[in-house]
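Each remark here refers to the structure printed beneath this line.
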Amino acid sequence: MALKTGQNTPNTLSLESRIITWPECFYTEDDAAMRFALLEEAEKQELTPEDNRIRRFLLEHRCPGYPQEKPLTDHYLKLWFYLIFAADSRGSKRSVKDVDELVQQLGFSTLETEQECHLLYREFFHTALFFISISLADKNYSTGFLNLNKLSDEKLMSKLGKDIFKAAHKGTQAAPFPHSDLWEQALKDAYTGYYNGAGEYWEKLLNE
C-alpha cells in the first residue's frame, strides 16, 4: 500500500467522494490537515464512531498544532528521529529522556484495549509509509555520492531498510517505551510490504 499525497489527489475531489472508502482513505492520505478533514467528515456521518474517538485521540496527539499551526508538526516523525539519535548515541541519558518525554506527551501509556492498540499500530504503519514516501520524493535521498547518479532500486531499498531498521529496532532497544513492540512491528511490516525481498534484508540486518 502506498500513500496518496496531496499532489496526487485532485483538489476537485470532494470529501463526500473520498469518504466512500472510509477508513482506508484516512490511512492512505499523507496530508495531516486532510486527515483531520476526513475524520471530521466521518464523525459527521457517524461512520465507525467508537474507532473514531480513538483515531481523534491519536491524530490530535500526533499533530497537536491543528488547526492553527501551518505546516503541522508530525510528532510521530519527531519520535522517529529521536529514536535514531538514541540508537546513534547508544542510549545516552539525554536521548532516552527525550524519547520518554515525547512519548508521555503522545499518550501511548493510556492505550490499553485491543482496539486501541490495533489503531495505534495502524498509525505507526502510516508513519512508516509516510517516511518512505517523503524519502523517495527527495532527490537528494535517492541519489548517490555528490548527487551524481540515481541509486538503483536495490540500493535504495537497502538504504531505506537501514534507516527504518535503526528507528524500529536499534532505537527501541536503546530507548524502549510503551508499545515500542507495536512500533517496531509496524515499521517492519510497512517496509517489507512495500518492497519484494525486503523481508530477507530485514533478517540480514537483525543478524549483523
Side-chain angles (χ1 to χ4, degrees), residues 1-9 23-32 34-36 38-39 54-55 57-63 71-88 98-99 102-103 106-108 111 116-138 140-142 151 153-206:
M1 181 180 73
L3 286 173
K4 297 176 183 177
T5 65
Q7 289 78 14
N8 294 332
T9 305
E24 289 310 310
C25 60
F26 182 73
Y27 293 108
T28 56
E29 174 62 54
D30 77 339
D31 182 81
M34 179 54 67
R35 296 188 83 213
F36 273 105
L38 288 167
L39 178 57
I54 304 170
R55 291 189 181 102
F57 175 89
L58 296 174
L59 189 56
E60 286 182 344
H61 282 73
R62 180 174 175 178
C63 301
L72 289 169
T73 300
D74 188 329
H75 285 246
Y76 281 24
L77 281 185
K78 188 175 181 180
L79 173 62
W80 186 297
F81 291 108
Y82 277 9
L83 288 167
I84 287 177
F85 178 68
D88 288 339
D98 286 343
V99 170
L102 180 56
V103 166
L106 293 171
F108 293 165
L111 304 170
E116 287 172 340
C117 291
H118 170 68
L119 293 177
L120 179 62
Y121 168 89
R122 295 209 68 179
E123 203 66 22
F124 288 162
F125 190 97
H126 177 276
T127 304
L129 286 182
F130 185 40
F131 177 82
I132 292 171
S133 176
I134 59 178
S135 296
L136 294 179
D138 184 350
N140 292 326
Y141 191 90
S142 59
L151 294 177
D153 289 344
E154 184 177 353
K155 288 183 178 179
L156 191 54
M157 182 194 77
S158 299
K159 184 177 182 179
L160 274 168
K162 289 177 181 177
D163 289 344
I164 296 172
F165 183 79
K166 183 181 287 187
H169 183 72
K170 292 184 177 179
T172 55
Q173 284 192 323
F177 56 89
H179 301 306
S180 58
D181 56 332
L182 283 181
W183 171 270
E184 180 172 355
Q185 188 64 49
L187 269 58
K188 174 188 175 183
D189 291 347
Y191 170 67
T192 57
Y194 196 90
Y195 283 108
N196 290 329
E200 294 180 5
Y201 186 66
W202 191 273
E203 291 302 316
K204 177 182 175 181
L205 292 172
L206 278 173

Can you find a pair of side-chain heavy atoms, one from [X] and one from [Y], that are under 4.5 Å apart?
X	Y	result
I134	L77	yes
L187	W80	yes
L59	E123	yes

Measuring from [X]:[atom1] to [Y]:[atom2], what's the distance to the nearest 0.5 Å?
X	Y	atom1	atom2	answer
Y76	F130	OH	CZ	14.0 Å
L102	F81	CG	CZ	13.0 Å
F125	L129	CZ	CG	5.0 Å
E203	T192	CD	OG1	9.5 Å
T127	I164	OG1	CD1	11.5 Å
C25	R35	SG	CZ	10.0 Å

ring-ring contact (aromatic ring centres under 6.0 Å, His included) with [X]: which residues, sequence neighbours excluded?
X	result
H61	F57
Y82	none
Y201	none

On a heavy-atom basis, which atom in [X] and which in [Y] lie closest, and how many Å separate them?
X	Y	answer
A175	L83	O-CD2, 3.9 Å
D31	E29	N-OE2, 3.0 Å
C117	H179	SG-CE1, 3.5 Å
H126	D30	NE2-CA, 4.2 Å

Could you pull out all residues at least two apart from [X] that satisfy salt bridge (Lys or Arg N to Asp or Glu O under 4.0 Å)?
X	answer
D74	R62
E154	none
E200	none

Side chain to side chain contact (heavy atoms under 4.5 Å, CB included) against L136, all qualifying residues, sequence neighbours excluded =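 Per chain and number, L136 pairs via side chain to side chain contact (heavy atoms under 4.5 Å, CB included) with I132, L156, L160, Y194, Y195.
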By side chain to side chain contact (heavy atoms under 4.5 Å, CB included), P176 pairs with (sequence neighbours left out) S180
Please tabulate, for side-chain N and O atoms in residues 165-174, each donor-acceptor pair with protein atoms closer than 3.5 Å (sequence neighbours left out).
unit_1 : atom_1 : unit_2 : atom_2 : d
K166   : NZ     : D88    : OD1    : 2.8
H169   : ND1    : E184   : OE2    : 2.7
H169   : NE2    : Q173   : NE2    : 3.4
T172   : OG1    : A168   : O      : 2.7
T172   : OG1    : H169   : O      : 3.1

Residues in side-chain hydrogen bond (donor to acceptor under 3.5 Å, both in side chains) contact with Y121, at least two apart in sequence or another chain |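 Applying side-chain hydrogen bond (donor to acceptor under 3.5 Å, both in side chains) to Y121 gives D189.
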S135: what forms a side-chain hydrogen bond (donor to acceptor under 3.5 Å, both in side chains) with it, not counting sequence neighbours?
->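 If we apply the side-chain hydrogen bond (donor to acceptor under 3.5 Å, both in side chains) test to S135, skipping adjacent residues, there are no hits.
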Could you check L38 against Y27 for side-chain contact (heavy atoms from CB on, under 4.5 Å), going step by step and ending with a plain yes or no?
-> CA-CA 10 Å; L38 288 167; Y27 293 108; over 6 Å; no
Count the heavy atoms belonging to other residues, nucleotides or ligands that lie under 6.0 Å from CG of D138, then report whether that count exceeds 12.
-> yes
Sort and list the pairs that fulfil side-chain hydrogen bond (donor to acceptor under 3.5 Å, both in side chains) and have at least one residue in residues 155-165, not counting sequence neighbours.
-> Y141-D163
So F124 and F108, ring-ring contact (aromatic ring centres under 6.0 Å, His included) or not? Walk me through it.
-> CA-CA 12 Å; F124 288 162; F108 293 165; 5.3 Å; yes
